[in-house]
Number of protein chains: 2
Amino acid sequence: MTLIETKADRTDICATVPRAHPRPEGQDRYTISEVVAFTGLTAHTLRWYERIGLMPHVDRSHTGQRRFTNRDLDWLAFVGKLRLTGMPVADMVRYAELVREGEHTFEARQELLEQTRRDVRSRIAELQDTLAVLDHKIGFYADARRASERL
Amino acid sequence: MTLIETKADRTDICATVPRAHPRPEGQDRYTISEVVAFTGLTAHTLRWYERIGLMPHVDRSHTGQRRFTNRDLDWLAFVGKLRLTGMPVADMVRYAELVREGEHTFEARQELLEQTRRDVRSRIAELQDTLAVLDHKIGFYADARRASERL
DNA sequence: TGCTTGCTTGGAGTGCACTCCAAGGTTCTA
DNA sequence: TAGAACCTTGGAGTGCACTCCAAGCAAGCA
């Protein structure tokens with residue numbers, strides 16, 4: 001049971017593609033600008049993510065400034081992946097809520113991710129269709145230009 | 001020369017995937033609501049497309065109501081494909097302008113489409129990456145739930 | 001002829017995902 | 001200890017791609 005919980009935490013929060021953290025565990029207290037440099041997000045966006053509940057509450061220094069951890073970085077990397085799928089922010093917030101609610105939401109989380117996977121697959125198919133159209137048109141222009149050069 | 005021009009017009013305007021028109025050439029004068037039914041776009045969007053220059057100017061009845069042709073339908077189908085690629089509307093307008101300017105813009109049109117093709121390809125690669133992450137996560141939840149059922 | 005449904009316009013409104021601002025407190029380097 | 005650079009907040013603003021509205025004219029049927 002404890003073992004499963006630990007494993008669950010890792011997989012929910014940690015980078016799915018293992019990437020070196022800028023600092024080892026224990027010394028991982030990053031300012032917002034360090035996270036900006038590492039993730040490519042803006043400080044505005046990071047604060048906004050926290051406000052709307054897309055980030056677990058971020059740790060603070062004794063004076064109230066944000067201190068992000070390696071775990072936060074990993075969560076942000078996963079959120080970045082979800083964002084690339086085109087998933088609406090509201091759905092990402094829903095997923096974040098499920099993670100906060102604990103292990104009994106595994107089924108709901110799996111369903112949400114499976115729906116997302118279906119969406120991604122059909123989007124890929126759609127793009128491959130449009131690729132065929134583009135190939136066709138580009139081929140036409142290339143042919144027409146070659147023909148006019150030979151005149 | 002004339003032959004190339006004719007071919008150019010066809011390929012710029014006509015459906016790249018041949019699809020039957022609702023009415024044969026000569027009787028193709030569709031009201032806006034018929035075009036709504038055929039394309040799935042709203043009347044608002046069709047008028048907006050015309051206003052921003054994404055449509056060649058649409059023919060009018062003697063009282064000023066729009067009458068779309070088969071050619072308009074084909075153009076709309078192609079625009080729909082470009083829209084699926086995620087191309088910004090401003091770029092589609094640029095392409096429409098190039099088409100209006102005539103045959104000497106073949107090279108520019110080809111370049112625009114080739115850039116779009118590169119974008120689509122990298123978007124597909126990106127989506128395939130996220131698919132791997134999703135597979136991984138979904139696998140984890142499936143495993144965890146199977147494990148807890150066996151307890 | 002009257003009635004209903006459809007079409008016209010310019011301009012205002014919507015929803016999303018940020019993006020920026022002002023005013024003031026904090027941290028770091030010299 | 002001074003000054004620069006960085007951080008905080010709530011709330012307002014931005015850009016995109018639509019989406020809707022009001023007021024009035026047009027079309028088709030009994």
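Throughout, protein chains are lettered first and strands after them, A, B, ... in sequence-line order, and every chain is numbered starting at 1.
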Counting N and O atoms only, with roles assigned by atom type, does the side chain of A:Asp135 sit under 3.5 Å from a partner on the main chain of A:Val133, one being a donor and the other an acceptor? no
Checking D:dA26, D:dT19, C:dG25 against the side chain of A:Gln65 (C-beta onward), the nearest is C:dG25
Ignoring backbone atoms, test whether B:Tyr49 places a side-chain nitrogen or oxygen under 4.0 Å from the OP1 or OP2 oxygen of D:dA17. no
Short N-O contact, A:Arg146 and A:Asp143, less than 4.0 angstrom: yes
Can you tell me if B:Thr45 touches the phosphate of D:dA17, counting only side-chain N or O atoms and a distance under 4.0 Å to OP1 or OP2? no
At under 4.0 Å, does any side-chain N or O of A:Ser61 touch on OP1 or OP2 of D:dC7? no
Would one find a side-chain N or O of A:Thr31 under 4.0 angstrom from OP1 or OP2 of D:dC6? no
Measure from the side-chain heavy atoms of A:Pro88 and tell me the nearest of C:dT27, D:dT19, C:dA17. C:dA17
Counting just side-chain N and O atoms, does A:Arg66 come under 4.0 Å of either OP1 or OP2 of D:dT9? yes
Contact class for A:Arg51 vs. all strands (heavy atom < 4.0 Å): base, sugar-phosphate, or nothing? base
N/O (side chain, A:Arg47) to phosphate O (OP1/OP2, D:dG11) under 4.0 Å: no
Sidechain N-carboxylate O distance under 4.0 Å for B:Glu126, B:Arg123: yes
Base, sugar-phosphate, or nothing for B:Arg67, non-hydrogen atoms under 4.0 angstrom? nothing
Applying side-chain hydrogen bond (donor to acceptor under 3.5 Å, both in side chains) to A:Asp59 and not counting sequence neighbours gives A:Arg29
May I ask you to evaluate whether B:Thr42 reaches the phosphate of D:dC18, defined as a side-chain N or O under 4.0 Å from OP1 or OP2? no
